[in-house]
Amino acid sequence: MSSKDGVGGGGGDEAPPEQLALIRESVRRSRAPRAKPRTWRGAALAGELPVARVLVDKGVLHLDRYFDYAVPEELDEQAQPGVRVRVRFGAGRGRVREGRREGGGLIDGFIVERRAESDYSGPLAALAQVVSPEPVLGAELLRLARAVADRYAGSLADVLQLAVPPRSARAERRPSPEPLPPPQAPDAGSWARYENGGAYLEALASGGAPRAVWNALPGPLWSEEIARAVAATLASGRGALVVVPDGRAAARVDGALTALLGEGRHALLTADSGPEKRYAQWLAVRRGSVRAVVGTRAAMFAPVRDLGLVAVWDDGDDSHSEPHAPQPHARDVLLLRATLDRCAFLLGGFGCTVEAAQLVENGWARPLVAGREQVRRAAPLVRTVGDEDLARDEAARAARLPTLAWQAAREGLRHGPVLVQVPRRGYTPRMACAHCRAPARCRHCSGPLEGQDGGVLRCGWCGRDESAWHCPECGGFRLRAQVVGARRTAEELGRAFPAVPVRTSGREHLLDTVPGTPALVVSTPGAEPVAEGGYAAALLLDGWAMLVRPDLRAGEDALRRWMAAGALVRPQGEGGTVVVVAEPTLRPVQALVRWDPVGHAVRELAERAELGFPPVSRMAAVSGPPAAVTEFLTAVEMPSDAEVLGPVPVPPAPPGRPRRAGAPPPGEHWERALVRVPPGSGAALASALKTAQAARMARGSGEPVRVRIDPPDIG
DNA sequence: AGCACGCCGACT
DNA sequence: GTCGGCGTGCTC
């Protein structure tokens, strides 16, 4: 602001449009049932549809509704539905100073509609500014965001923050490329290996909306198969959207799409590109220049024109879960999109989540699977090393590597690279009973006990020393380190096979691919590089450690990670072998041996239905200080069939790692209650929680509680 | 969250 | 009278 603007306050012609005088008194007296935007003196308003319905960009729940603003004549043309605007939004009826009304500060928003009248019975403030004429929030995206907000008991503004990227003026100025005409429909290619693969592609190409849960055969062809599904959809004249868990998977699908369709027909939306480039890509999609998108979870909202197909790859990967409020899951967002847009749906992976099995079970989607013969042809041979084998195995106790694994590695190294999967450190509790392998927990806070240099145990959460541990399960008093990290495993293997190069891939040092020459590749789950020509063998070490987590998903998750590694191994017919160090009687281990993730998920689903666990019933977690949680729960008008479990104390967050939403701040005691409803009452539960939360926020009373629909980590 | 409104007690 | 305490409720 220059100094001359500050004196006298008489901006005259140059006054911004919102600073128009309001005859305040007359408005207050009359309380007309319909606000006429004409209550603004001297304001020349838009001739037609002078009211703009605006979504104010504040995430707070009690502001989760639209506000009407008057459209000044000079903004008439630009103030179209979907554009970003700035409006005055503030308390009370505003101060009137020097004949000029000043509301609160300027805040951002989106125009959602232009109307002839407002049903607000008060004077309307005028739009302050149209930020840009680019209509970024279309009707379909708005409808989707609304559905996601409802489903997750969150606010529309929060969802839009995830769905609409921040503006970059430079990216908007750049014209998007001319759209290319639809490509030819591809042939079935490797989809022919699946029972209904060809039919699925044909349905896509002819404009249909088939919904499928696809259990992908092991091997590298999955990304090409996704590309074919996209191409078939494009051939029908519609758009397609693919969401994958990480940048590496996105790059693979991107490569497959480029190979199949050439450049220019699809956009890659990942976090790797900077904000400006990202927005430019997003705009190209919104403008219809690009009809297909592949990306990581933020791409789930990509405004693809005339959507014909949504696809998710590996929905069990937790990076599909958005960490920002209201924490929607890509699978469920795409499920909503498929329903709202009546488009095709493809949920694929090497494993099979319980949610995926449920979609098939309740008839919403159909299975897209290969026959057993094809599975046998593509899958590696899986062998197990259980406790009995280990007990007999003197060598294993000395070198930590069971004889069978040793042999498989040596044999494999004669033909190519060998993958060694080691659970990530910190993924599991660190010490366990040497006898029954129950994780050793702190008797005060249930945190994981860690070995100290001096031999004394210390709790990883509360820091208390433990000098007299004994196992509460079996009474044993000897401990063993649970998991040996990737680095030490690599060192040990390096000594064991001195002639072979050892490479490691982990969160820090991600290897993308390794050559097909003999090498030991030590990797944590999810970081496995792809080997040229496939691995000759894979050793899945400390498999039991992945299964002892006190989590509903431990079994499903372990199986998913094993299968992801096993899928990189050559087929059995080419000598591909997987050795998993885990009890062969356990259900996930058996499913791996038979390479039958769907059967595992179906059985798991039946069990969850029986026990009333998600996803068969819907759950919500309410966490916060004990008094606040109790108070909140009594305030919620629960659906009649809701059931409250708990509350129980929430263990404090492990120090060092960033605190997750739902965990108490350091030094505070929190509790968490779970609310459970049977199938069909999920929407009612979300709505009840949202209403109660809104009322609570509006009053600003007491300490805040956190509400999360579908909490991922219920023990 | 801010912030104004308004209904009560103590003051010039 | 009227100044200002903070409890309540609104924000177009």
Side-chain angles (χ1 to χ4, degrees), chain A residues 16-41 43 45-46 49-73 75-76 79-81 83-131 137 142 154-158 160-161 325 624 628 632 635 690-707:
Chain A
E18 92 276 17
Q19 292 203 354
L20 296 163
L22 157 72
I23 312 171
R24 185 167 164 247
E25 282 311 303
S26 68
V27 173
R28 260 182 88 188
R29 292 284 119 79
S30 59
R31 283 272 163 206
R34 291 262 130 142
K36 298 284 185 273
R38 291 177 217 97
T39 47
W40 294 84
R41 187 212 295 164
L45 294 179
L49 307 178
V51 175
R53 190 147 277 189
V54 172
L55 178 88
V56 167
D57 194 11
K58 275 198 149 193
V60 273
L61 276 179
H62 53 284
L63 293 179
D64 199 19
R65 57 203 166 98
Y66 301 134
F67 291 88
D68 288 345
Y69 285 81
V71 181
E73 192 176 34
L75 296 182
D76 181 20
Q80 295 304 315
V83 302
R84 302 179 207 255
V85 289
R86 291 180 54 83
V87 293
R88 290 225 172 263
F89 190 83
R93 266 155 285 276
R95 297 177 300 277
V96 174
R97 230 192 279 153
E98 300 177 30
R100 208 154 261 110
R101 181 171 181 275
E102 291 174 13
L106 282 173
I107 63 170
D108 295 315
F110 300 92
I111 296 184
V112 296
E113 194 189 351
R114 285 283 298 267
R115 333 180 84 220
E117 297 188 307
S118 169
D119 36 21
Y120 175 65
S121 58
L124 297 187
L127 295 175
Q129 187 195 345
V130 172
V131 175
L137 180 58
L142 178 62
S155 73
L156 187 55
D158 275 350
L160 288 179
Q161 207 140 66
F632 180 79
K690 185 168 170 172
T691 308
Q693 182 76 308
R696 201 181 162 79
M697 300 299 282
R699 258 182 296 120
S701 68
E703 293 161 288
V705 295
R706 289 216 139 76
V707 172

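Proteins get letters first, then strands, A, B, ... in listed order; numbering begins at 1 in each.
- Regarding A:D108, its CG atom lies at a distance of 15 Å from the P atom of C:dC12, rounded to whole Å.
- Regarding A:F89, its CZ atom lies at a distance of 11 Å from the C1' atom of B:dA1, rounded to whole Å.
- Taking atom CD1 of residue A:I107 and atom P of nucleotide C:dC10, one finds them 18 Å apart after rounding to whole Å.
- We find that CZ of A:R65 is positioned 10 Å from P of C:dC12, with the value rounded to whole Å.
- One interatomic measurement links the two molecules: CZ of A:R88 to C1' of C:dC12, which rounds to 14 Å at whole-angstrom precision.
- One interatomic measurement links the two molecules: OH of A:Y69 to C1' of C:dT11, which rounds to 8 Å at whole-angstrom precision.
- Listed by chain and residue number, A:R114 satisfy the side chain to side chain donor-acceptor pair (under 3.5 Å) test with A:D76 (two or more places apart in sequence, or in another chain).
- Under the side chain to side chain donor-acceptor pair (under 3.5 Å) criterion, A:R86 pairs with A:D108, sequence neighbours left out.
- Contact annotation: the side chain of A:F110 approaches that of A:L160 to within less than 4.5 Å [non-hydrogen atoms, C-beta and beyond].
- Taking 4.0 Å as the cut-off between side-chain N and carboxylate O, A:D57 and A:R84 do not count as a salt-bridged pair.
- Atom OH in A:Y66 sits roughly 22 Å away from atom P in C:dC10 (whole-Å rounding).
- Stacking between A:Y120 and the base of C:dC12 is present: ring centres sit under 5.5 Å apart and the planes differ by under 30 degrees.
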